[in-house]
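Atoms considered below: every heavy atom in the structure, side chains included; atoms not considered: hydrogens, waters and symmetry mates. So that the names make sense, note that chain A is the first sequence line, chain B the second, and so on, each numbered from 1.
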Amino acid sequence: MRIKAQTAMVMHLDKCIGCHTCSVTCKNTWTNRPGAEYMWFNNVETRPGPGYPKAWEDTDRFKGGWVYKNGKLQLKAGGPISKLANIFYNPEMPELDDYYEPWTYDYDHLIHSPKKENIPVAQPQSMITGKYIDKPEWGPNWDDDLAGGSEVVPLDPNVQKLQEHISMEYEKTFMMYLPRICEHCLNPSCVASCPSGALYKRDEDGIVLVDQDACRGWRFCMNGCPYHKVYYNWNTHKAEKCNFCYPRTEAGLPTICSETCVGRIRYIGVVLYDADKVKEAASVEDPQELYESQLSVFQDPFDPEVIEAAKKAGINDSWIEAAQQSPVYKMAIKWKIALPLHPEYRTLPMVWFVPPLSPIMNHMTNEEELSTDGYIPAVDQMRIPMEYLASLLSAGDTEVIRNVLLKLTAMRVHRRAKTVGGMEEFNKSQIIAEANTNTEELEEMNRLLGVAKYKERFVIPTGRREMDDDQYYQQGACSIEDLAPPEGLSFSSGKGK
Amino acid sequence: MSGIFWWVIFPYVTLAIMVVGLLYRYAFRQKSWSAPSTEMFEKKWLRIGSPLFHWGIIFAFAGHIMGMVIPKGVYEFLGITDELYHIGAIYGGGLAGLMVIAGLIILLIRKMTIDRIRVHATFSDFFSVFALLIVSGMGTYMTIIYNTTVVSYEYRTTIGPWFRSLFTFQPEYQLMLEVPFIFQAHIIAAFALFASIPFTRLIHFYSAPVTYPSRAPQQYRSRSQYKKKSF
């Protein structure tokens, strides 16, 4: 057993209102500079829709993530040898136009234009070339709220996979928001794709980072990441990605996207996992088994054996305690209501999503007369096709989605019974059994999903500089950290290790 | 006297500039050390130009090792006649040279005509392309035209030993005095190009990720630089 700690996130999609505050604050914090204009470490997609970059889920084109072939787990785009052979031209790499050409407006003209018959306008101006753009034709969230309609929705690779025809008539459409950041995977394919070894997973908290010194701009991470969350900076010629706001999390604060989330959809917590099991978990044959096999790598933070192994691995008490109170552990592992995005990519992603129950079920017009068990068939008649959610969150296994939606429904029905009466009927109802839950769990779920405060949503232990390292040994070293050899005492200070 | 300058001082000075420049950039400017790709901006022409140029220059590099580094005695030992060697050099080297030139011209036109790339191209980018064009143009001319029309010059008894003697620090500059002018010019231009490497995009040559296949796919790194070493 090789226990490691991972800082992870859950997003409760039911509560996402698609306001893009997360994207904007993220951009203002990290990517508002030349070369990074098109980088959205955080973005919010309207689904169904092509997402960002366009059709990023088309793994046949971009060849991101892993495949399990001939009994071996390998990069879909090819291993190191084939990468070196393709290093002069990477056929699968997306182009700028798969994202968009970032632009601004010539605001100056509004002020300095001479007096004219017509009102001066601010023409769009490319931030890459500085030239005027006649007419921007694609941009971030161009298709927000299904605005691309029937022209844009079919570009969604998940829609193309659906058996059912998606109706685009106004009364019958559905949509949902999907906020995305880097998944900080347990088995990151961007890391494995990097010829320079510049991408790495941080030992302490599992955050995946790019070493800006070591990156040589070979760009295989750009399409090696199936989520397309590693970007190439055309100005510095290096890769950049979401860093989980590590300067904030190290100080015990949530990421800026979580901090500013209006709907409070985001939860951050620590989970403990066994690093020795990761490869095995990513190597099960059937993609639909990947969800369960991913769950099997996580360790129970209350198990004394796990605690001991964690301590041995240098994980301190505050992190173990945080793992025990982790909202992520509860939602993803204990209650199983948060699901990994596209588990079939075999990267074991660590940003989890609670599928949306809303838009409200089709048949909820008669709620006054509805018996408790009447909600069960309604789950199967959600406006969002279950196959669509399954294609996003469970490699196409609708049973997994159904179980989550049932549990979320049971939670609502339970809450309703508690407030307006009918607990007796609820206790006898089928829905508890079918959702495989109990009233205590529903109560707890309701608390975390509905009313949890800041400290419950974000259980983030501070960076462990003070615990992991020997402060005595370090004394006097920090001011010239990068230049001088570590100073201090070169012999053991008697703490014993 | 000028022999000493061009065949002793000049090579050492340019190589010294290259080595010191590389060390300086590695130590203090590593954040700018990369293969500055423009693939994101344009893929169609890059797809033809870049592999042509890069594979061409790799073949040419191998050819220069065969001609400059491996002594003539080795070929004689292996039973490769002069004629056979020169036929191989003219065809192989000629093909490599043409690949390099064709690739460079495609990349240069791409750099000059496509807005997204041109506006971000710097002086050093153009310098590198033109310097490479000059050096490879002379090299290809020597291989294909000079060798077949003027004289099939046996550089393995003059330039080769001189080049190797640079690395034993006993430069035999006399060997270079009678070398045809076009060969001399090619060599001087090449050394000037070497001196420019640390200051241009060509620096990515020194970070070819040859160790990639042998490393573990997943990389973990600890934040702590100051973990106490065990004694």
Side-chain angles (χ1 to χ4, degrees), chain A residues 4 75 79-81 83-84 87-91 93-96 101 128-131 187-188 191-192 194-197 199-204 209 211-219 222 232 234-238 275 278 463 465 468-470 473-474 477 481 486 490-493 495 497, chain B residues 26-27 29-58 103 107 114-120 201 203-204 206-231:
Chain A
K4 282 185 187 290
L75 289 169
I81 303 287
K83 284 213 160 52
L84 291 188
I87 203 158
F88 307 129
Y89 170 77
N90 174 0
M93 199 189 107
E95 275 184 279
L96 187 68
E101 180 159 359
I128 303 284
T129 62
K131 299 203 165 169
N187 185 32
V191 172
C194 176
S196 315
L199 276 145
Y200 63 96
K201 197 163 173 63
R202 210 153 69 150
D203 247 344
E204 286 84 358
L209 295 169
D211 179 340
Q212 291 292 313
D213 270 335
C215 174
R216 296 284 178 257
W218 302 120
R219 316 171 307 288
M222 269 187 94
Y232 178 75
W234 53 257
N235 188 27
T236 63
H237 308 292
K238 305 240 174 182
V278 166
R465 258 174 235 271
D468 214 32
D469 311 332
D470 188 335
Y473 175 76
Q474 277 184 45
E481 222 164 343
S490 61
F491 52 84
S492 169
S493 55
K495 244 167 69 180
K497 224 184 179 179
Chain B
Y26 188 83
R29 296 281 183 272
Q30 218 190 134
K31 284 195 177 62
S32 72
W33 186 315
S34 84
S37 162
T38 50
E39 181 170 354
M40 204 177 112
F41 290 151
E42 200 279 338
K43 272 182 88 115
K44 281 198 200 93
W45 287 104
L46 189 80
R47 181 183 188 166
I48 307 166
S50 175
L52 256 185
F53 165 72
H54 282 97
W55 288 115
I57 208 156
I58 287 172
L107 294 178
I114 290 162
D115 285 349
R116 288 179 182 177
I117 302 169
R118 189 187 61 246
V119 296
H120 299 299
R201 53 172 46 220
I203 198 156
H204 70 272
Y206 286 99
S207 50
V210 286
T211 54
Y212 178 35
S214 60
R215 75 142 219 255
Q218 293 307 359
Q219 304 281 301
Y220 293 98
R221 270 199 222 176
S222 173
R223 189 183 63 200
S224 171
Q225 295 176 37
Y226 293 105
K227 281 224 170 97
K228 189 166 57 180
K229 301 179 187 74
S230 47
F231 291 93

key: Top contributor to chain B contacts, counting heavy-atom pairs under 4.5 Å, from A:Ala192, A:Ala275, A:Pro91   = A:Ala192
key: Interface moiety of A:Ile87 toward chain B, non-hydrogen atoms closer than 4.5 Å   = side chain
note = When rounded to the nearest 0.5 Å, the distance separating CG of A:Leu84 from OH of B:Tyr212 is 7.5 Å
query = If you tally heavy-atom pairs under 4.5 Å against chain A, which of B:Ser32, B:Pro36, B:Ser50, B:Gly49 wins?
reply = B:Pro36
Intermediate values then yes/no, side chain to side chain donor-acceptor pair (under 3.5 Å), A:Ser196 and A:Arg216 = CA-CA 7 Å; A:Ser196 315; A:Arg216 296 284 178 257; 5.6 Å; no
note = Ranked by heavy-atom pairs below 4.5 Å to chain B, first place among A:Leu75, A:Leu209, A:Asn187, A:Leu199 goes to A:Asn187
note = Honestly, the part of B:Arg47 sitting under 4.5 Å from a heavy atom of chain A is both
ask   = Do the side chains of A:Lys201 and A:Lys4 get nearer than 4.5 Å, heavy atoms only?
value = no
inquiry  = Given heavy-atom pairs under 4.5 angstrom as the criterion, report whether the side chain, backbone, both or neither of B:His120 touches chain A.
reply    = side chain
Approximate separation, where rounding is to 0.5 Å, of A:Phe88 CZ and B:Ile57 CD1 = 10.0 Å
query = Any idea which of B:His204, B:Glu39, B:Arg215 has the most non-hydrogen atom pairs under 4.5 angstrom with chain A?
reply = B:Glu39
ask   = What are the two closest non-hydrogen atoms of A:Thr236 and B:Ser34, and how far apart are they?
value = O-OG, 4.2 Å
remark   = When the 4.5 angstrom heavy-atom criterion is applied to B:Ile114 and chain A, the contacting part is neither
ask   = For chain B, which of A:Asp213, A:Val278, A:Asn90, A:Ile81 has the most heavy-atom pairs under 4.5 Å?
value = A:Asp213
request  = Identify which part of B:Arg118 has an atom lying under 4.5 Å from any heavy atom of chain A, answering side chain, backbone, both or neither.
outcome  = side chain
key: Spacing of CG belonging to B:Leu46 relative to CG belonging to B:Leu52, to within rounding of 0.5 Å   = 11.0 Å
note = Counting heavy-atom pairs under 4.5 angstrom with chain B, the leader among A:Cys215, A:Pro188, A:Gly79, A:Gly217 is A:Pro188
message = Nearest 0.5 Å, please: how far is OG in B:Ser37 from NE2 in A:His237?
response = 8.5 Å
key: Heavy-atom pair with the smallest gap, counting every atom of B:Trp33 and B:Ser207   = NE1-OG, 3.3 Å
Residue, of A:Met222, A:Gln212, A:Lys131, A:Lys238, that accumulates the most heavy atom pairs under 4.5 Å with chain B = A:Lys238
request  = Hey, could you give me the OG1/CG distance between A:Thr129 and B:Asp115, rounded to the nearest 0.5 Å?
outcome  = 6.0 Å
note = Whatever's closer than 4.5 Å to a heavy atom in chain B on A:Asn235 counts as neither
Value rounded to 0.5 Å, distance of CG in A:Asp203 from OH in B:Tyr220 = 8.0 Å
key: Heavy-atom contact with chain A under 4.5 Å, split by part of B:Phe53   = neither
message = If we define contacts as heavy-atom pairs under 4.5 Å, which of B:Gln219, B:His54, B:Lys43 has the most with chain A?
response = B:Lys43
